[in-house]
Structures are given as C-alpha cells and as structure tokens.
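As structure tokens, the structure follows; a few thoughts come after it.
Just so we're on the same page: letters track the sequence lines, and every chain starts at 1.
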2 protein chains.
Amino acid sequence: MNDVFLADCRARLAFDLMANTWNPVVLWALRDGALRPAELRRRLGGISTKVLTETVRRLEFNGLVSRRDCGRTAKVEYSLTDLGTSLLGPIEAFGEWAFRHGDEVMAAQDRVVGLVSGNEG
Amino acid sequence: MNDVFLADCRARLAFDLMANTWNPVVLWALRDGALRPAELRRRLGGISTKVLTETVRRLEFNGLVSRRDCGRTAKVEYSLTDLGTSLLGPIEAFGEWAFRHGDEVMAAQDRVVGLVSGNEG
DNA sequence: CTGTATCCTTATAGATACTG
DNA sequence: CAGTATCTATAAGGATACAG
C-alpha cells in the first residue's frame, strides 16, 4: 500500500464512488434495509426525483445497490447489495471524522473569511 | 450516529471534502511530509498546474493543507496540517476497500455492458 | 407514486500559452 | 519552477412540468 493511492491506481475506483453529492448519503440511508423511492427521498432531504433516479442508477451500475420491481404498478424498492454493504464501514469512518473534526474545518473557513474582512479595517 | 449522515448534517462536510477528483489523492500524496509543487505533480500523474493550484487552494481553505513560501523566488512547499493528517485514516479505509472489492465493482460494470451486448444476439 | 423530459446554472477538469 | 489567464468540454445538480 504505497503508490496504491496515486492517480491511475485502484483507489481511484473507490474515490470516484464518493466523488459526488449523493452517493455516500444514499448508501447510508439504505443501511437498515430496502426503501421505496418516496421514503428514500424523504430521508435524504432536498433531492429531486430526477437526481435520485440518476444516483441510484449510478449505484446500481457499480453493483452497490439493487433495484427490485415488485409488480406491474409503481412499486419499487432499493436496497444495498453485499458489495454496497461492504462500503458502509469506510463511509462511517468519514462520518465519525466529521463528528470529531467538523468544527475545525468550519473554523478554518471562517479564519480565511476573517482575514479578508479583517484586512479592510 | 443515526441521522448524522443525512443531507443537511455534519457528515456532508466530510463528504464534500471527498467529492472531487483530486482532494483525496493530494492528501494521500502528502502523507509522508511536505512536497514542492513539481514533485507533487509528478506523483499525481496527469494533473495540470492550474488544477493542482485550484486543488491545494481548496484544501488550504478547508484547513487540511498548509502552504509555506520559503524565500522570495519560486520555492514553495505544501504539507498536511494536523487536521489534514487526521483525514488519512478514513481515506485509507477507502483505499483498502478498493483493494479488496475493486474487482467486484468492475465485474458489476462489465455485467451491465454484457447484458446490453448480450441482448443483441 | 415512479420515472422521464426539458431547461438552466455552476463546478470540475483539461489543454495551452504566458508571466514573474 | 510556481502560478495565472483563457478557452473549452462535460457532468452534476436543481427546478419544473409531464407521463405511465
């Protein structure tokens, strides 16, 4: 595990799965079991149907989520595959990091803003 | 740690730090100590000077990387702050996941492609 | 309720040339 | 060598209306 993380290596593959707004949050929302789209949307907050569909399609394409169509009408469920479940650990690591260090990030951002406005007076 | 990961919560903050192509790789490349921009570029592969500058500025803004200007001429070093260093653990978790499960992701992608071309014959 | 179709805005990234 | 300036292409995301 040395150059493993550099640009053209395998870790890119995992990073790319995290490199958008909704992928990690959707995976986390499905951690306790299958959800129907409407419920999924509710838990995610302000995601549009279009973006939700795009997101789950993307996750499905990568083998992390499976879509189950139960019946002819609008009854659908999304759930984690085993592969998707295996990603919950790393995702949680980030959540815990944010829990511990989120303040420091916001402080850093404020510091920059403070410098800017501070220079004026 | 229940709704901690949903859209408007703190974990967004950590996810956003990963939600682009270069942030995590740059942090990882700096894990062993300060690097000058040229060396950093070399290790990252195909990143342009423009994108590298944008990336380190972003990381600096969020308090993860510090820029040290040593002298009047073009002598600069980038290194991890303590905060940046604290992110190496979660990042490594993804790297290890990719190491173990990367094949499965690629297999899933191929499976979809296979279905498409398989339907033709 | 599920999903698609538009339209629009913005951020990312890459290529290239140039300045100090 | 470090960084900026353009220009371009693309994808993500959001708003809204509509279809099955």
Rounded to whole Å, the CG-P distance (A:Asp16 to D:dT10) equals 18 Å
Looking at B:Arg68 and B:Tyr78, would you say the former's side chain and the latter's main chain have a donor-acceptor pair under 3.5 Å?
no
Worksheet entry | Note: A:Arg36-A:Glu39 ion pair, threshold 4.0 Å (strictly below) | no
Check the interface with nucleotides 3-7 of chain D: list each N/O to N/O pair with the protein under 3.5 Å, or write none.
residue: D:dG3; atom: OP1; partner: B:Arg67; partner atom: NE; Å: 2.9
residue: D:dG3; atom: OP1; partner: B:Arg67; partner atom: NH2; Å: 2.3
residue: D:dG3; atom: OP1; partner: B:Tyr78; partner atom: OH; Å: 3.4
residue: D:dG3; atom: OP2; partner: B:Tyr78; partner atom: OH; Å: 3.1
residue: D:dT4; atom: O4; partner: B:Thr49; partner atom: OG1; Å: 3.0

Rounded to whole Å, the CG-P distance (A:Asn23 to D:dA12) equals 9 Å
A:Arg41 CZ to D:dG14 P, in whole Å, measures 12 Å
Per atom distances to the A:Arg58 side chain, the nearest of C:dT2, D:dA2, D:dA12 is D:dA12
In whole angstroms, the gap separating C1' of C:dT2 from CG of A:Leu52 amounts to 10 Å
Rounded to whole Å, the CE-P distance (B:Met18 to C:dA11) equals 21 Å
Query - Side chains of A:Leu35 and A:Ser79 in contact at under 4.5 Å (non-hydrogen atoms) - result: no
Heavy-atom nearest nucleotide on DNA chain D taken for B:Ala38 and for A:Asn20; more 5' hit belongs to B:Ala38
ask   = Does any N or O in the side chain of A:Asn20 come within less than 3.5 Å of the main-chain N or O of A:Trp22, such that one atom is a donor and the other an acceptor?
value = yes
(request) Could you go through the salt bridge (charged side-chain N to carboxylate O under 4.0 Å, His left out) check for A:Arg10 and B:Asp103 one step at a time? (result) CA-CA 9 Å; A:Arg10 272 186 97 154; B:Asp103 289 340; 3.2 Å; yes
note: A:Asp69, atom CG; D:dG20, atom C1'; distance rounded to Å ~ 13 Å
Worksheet item: Counting only N and O atoms by type, is there a donor-acceptor contact under 3.5 Å from the side chain of B:Arg100 to the main-chain atoms of A:Ser86?
Response: no
| said: Measuring to OP1 and OP2 of D:dC1, would you say a side-chain N or O of B:Arg36 lies under 4.0 angstrom away? | reply: no
A:Leu40 atom CG is separated from C:dC1 atom P, nearest whole Å, by 13 Å
Only one of A:Leu30, A:Thr55, A:Thr81 passes side chain to side chain contact (heavy atoms under 4.5 Å, CB included) with A:Val65, and that residue is A:Leu30
Here the distance between atom P of C:dT4 and atom CD of A:Glu54, to the nearest Å, is 10 Å
The nucleotide from C:dG14, D:dA12, C:dC1 with an atom nearest the side chain of B:Trp22 is C:dG14
